[in-house]
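In what follows, a structure is listed as structure tokens, so that the remarks can point back to it.
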Amino acid sequence: MKIAVCPGSFDPVTYGHLDIISRACDLFDRVYVAVLTNPAKRALFTADERVEMLSRATAELDTVYCEKFSGLVVEYAKARGAVAMVRGLRAVTDFEFELKMASMNHYLDKDIETVFMMTSNEYSFLSSSAVKEVASLGGDVSAWVPGPVAEALAKRYSAMAGSEL
Ligand code: PNS
């Protein structure tokens, strides 16, 4: 059985992520979508909330398992029996960061490959940060994230605006 990990922050999951996850399912028998728990990186949603949103969004993909992880991604991947980590590449701007990360991970564990997939054209501009910025300013993000995620964003930002009053 070929197993892959799709690691990321997923703060929150977008249709761009879901595109990569579903395409990874065509190549691998099982895909673990792994949400990084990183106390040093301030996230809008907790790791549990992000896992919950991902689980709902991938409910129809039988071979996908969503969970959180901490520590080194190669160690997590090894513990899950994965042979590869799948990452989406949008533009040249992603390349430098991804190359560094893939090289570092290859140094740490040569048995785990990083597989890059070009993001589908319609999502080439999409990022969780852009979605958060638009949502925080009251813009419509329903074309970029699943309905429950758009609702969670609206709720979170209105709660934050309320607490600032
Ligand atoms: O969605 P992101 O923020 O681009 O995902 C980055 C992520 C979570 C894949 C990366 O930060 C990661 O793997 N962190 C775990 C720590 C680790 O293994 N670091 C070594 C590789 S640089």
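Whatever order the structure lists them in is the order used to number ligands and atoms, beginning at 1.
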Under 3.5 Å, N/O to N/O: give me all the pairs between ligand 1 and the protein, one per line with atom names and distance.
residue: ligand 1; atom: 1 (O); partner: Ser9; partner atom: N; Å: 2.9
residue: ligand 1; atom: 3 (O); partner: Ser9; partner atom: OG; Å: 2.5
residue: ligand 1; atom: 3 (O); partner: Lys41; partner atom: NZ; Å: 3.0
residue: ligand 1; atom: 4 (O); partner: Arg87; partner atom: NH2; Å: 2.9
residue: ligand 1; atom: 5 (O); partner: Arg87; partner atom: NH1; Å: 3.3
residue: ligand 1; atom: 18 (O); partner: Val73; partner atom: N; Å: 2.8

Could you check whether any side-chain N or O of Thr14 sits under 3.5 Å from a backbone N or O of Ser128, counting only pairs where one atom can act as donor and the other as acceptor? no
Please collect all salt bridge (charged side-chain N to carboxylate O under 4.0 Å, His left out) contacts where either partner lies in residues 100-129, sequence neighbours excluded, each pair once. Lys78-Asp109
Test item: Leu153 and Val131 side chains (from C-beta on) under 4.5 Å apart, heavy atoms: yes
Taking atom types as modelled and ignoring hydrogens, do the side chains of Ser142 and Asp140 form a donor-acceptor contact shorter than 3.5 angstrom? yes
Asp11 side-chain N/O to Phe45 backbone N/O, donor-acceptor pair under 3.5 Å: yes
Give, for atom CG of Leu61 and atom CG of Leu54, the distance between the pair rounded to the nearest 0.5 Å. 11.0 Å
